[in-house]
Amino acid sequence: MPNLRILPIAATLSLALSLAAALPAAAQPAQDAALPAWDGLTPAQRDALVAPVRQRWNDHPEKRAHMLSHAERWQEMDPGQRERARRGAHRWQQMDPEKREAMRALYSRMKALPEAEREALRTQWKAMTREERRAWVEANPAPPERLRER
């Protein structure tokens, strides 16, 4: 199960990486496909990469500590962990709201369980039908967003 604490920063970083790939391609001929190191970017390219994070930082002062902890966690990850985080963020973005709520409920329940019980719940969840899962989520709702661990 992906670490849900890193999803917002992973999504932001994925956007930044996408922009990094697009900017040099638009600014240079097609034969120059290699992307420069950070120091090789123009000030405009750097600003384009940082702008989404700057905007979120300025718009949400109450989330700054959370954003900073995500960025620090991202720096500690190895490339494999970063790729899993990117895939998890993408999967999360593609989920419908009902499934997201089910995943929130399942995650909040699982993180409180010892490993053996967690594995039993995981096995049980995989065997459930859609209706059974819906009933389980109703019986075990995720905590309200303001109470979720950040």
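It should be emphasised that the depicted structure is a prediction, and the values quoted were computed from it without experimental measurement. What you see below is based on every heavy atom in this structure, not just the backbone, and it leaves out hydrogens, waters and symmetry mates.
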Can you measure from [atom1] ([X]) to [atom2] ([Y]) and round to the nearest 0.5 angstrom?
{"X": "Glu117", "Y": "Gln124", "atom1": "CD", "atom2": "CD", "answer": "11.5 Å"}
{"X": "Met67", "Y": "His60", "atom1": "CE", "atom2": "NE2", "answer": "8.0 Å"}
{"X": "Arg133", "Y": "Thr129", "atom1": "CZ", "atom2": "OG1", "answer": "8.0 Å"}
{"X": "Arg91", "Y": "Met103", "atom1": "CZ", "atom2": "CE", "answer": "10.0 Å"}

For this session: Could you list all the ring-ring contact (aromatic ring centres under 6.0 Å, His included) pairs where at least one residue sits in residues 112-144, not counting sequence neighbours?
Result: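 Qualifying pairs, neighbours excluded: Trp125-Trp136.
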
For this session: Using side-chain hydrogen bond (donor to acceptor under 3.5 Å, both in side chains) as the criterion, list what pairs up with Asn140, not counting sequence neighbours.
Result: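 Result, side-chain hydrogen bond (donor to acceptor under 3.5 Å, both in side chains) vs Asn140: none returned.
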
Give me the atom names and distance for the closest heavy-atom approach of [X] to [Y].
{"X": "Ser108", "Y": "Ala142", "value": "OG-CA, 3.9 Å"}
{"X": "Pro141", "Y": "Ala105", "value": "C-CB, 4.2 Å"}
{"X": "Arg104", "Y": "Trp92", "value": "NH2-CZ2, 3.6 Å"}
{"X": "Leu41", "Y": "Arg46", "value": "O-NE, 3.6 Å"}

Exercise. What pairs with Asp96 under side-chain contact (heavy atoms from CB on, under 4.5 Å), at least two apart in sequence or on another chain?
Worked result: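 Here the qualifying residues are Glu98, Lys99.
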
Problem set entry | Residues that Asn58 engages under side-chain contact (heavy atoms from CB on, under 4.5 Å), provided they are two or more places apart |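 For Asn58 the side-chain contact (heavy atoms from CB on, under 4.5 Å) partners, ignoring immediate neighbours, are Arg54, Arg64.
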
For this session: Sequence neighbours left out, what passes salt bridge (Lys or Arg N to Asp or Glu O under 4.0 Å) with Glu119? Give chain and number order.
Result: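 Glu119 satisfies salt bridge (Lys or Arg N to Asp or Glu O under 4.0 Å) with Arg122 only.
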
For this session: Output all residues satisfying ring pair (Phe, Tyr, Trp, His ring centres under 6.0 Å) with Trp57, sequence neighbours left out; order by chain, then residue number.
Result: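 For Trp57 there are no ring pair (Phe, Tyr, Trp, His ring centres under 6.0 Å) partners, ignoring immediate neighbours.
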
For this session: Under the side chain to side chain contact (heavy atoms under 4.5 Å, CB included) rule, what do Leu121 and Leu106 come out as? Steps first, then yes or no, please.
Result: CA-CA 9 Å; Leu121 178 55; Leu106 185 61; 3.9 Å; yes

Exercise. Among His90, Arg82, Arg84, which one satisfies side-chain contact (heavy atoms from CB on, under 4.5 Å) with Arg86?
Worked result: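 Looking at His90, Arg82, Arg84, the match for Arg86 under the side-chain contact (heavy atoms from CB on, under 4.5 Å) is Arg82.
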
Problem set entry | Side-chain heavy-atom pair Arg118, Glu115 within 4.5 angstrom cut-off |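 Counting from C-beta outward, Arg118 and Glu115 do come under 4.5 Å.
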
For this session: Examine distances only and state if a side-chain atom of Glu76 and a backbone atom of Arg73 form a donor-acceptor pair shorter than 3.5 Å.
Result: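 The answer is no, because no donor-acceptor pair under 3.5 Å joins these two groups.
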
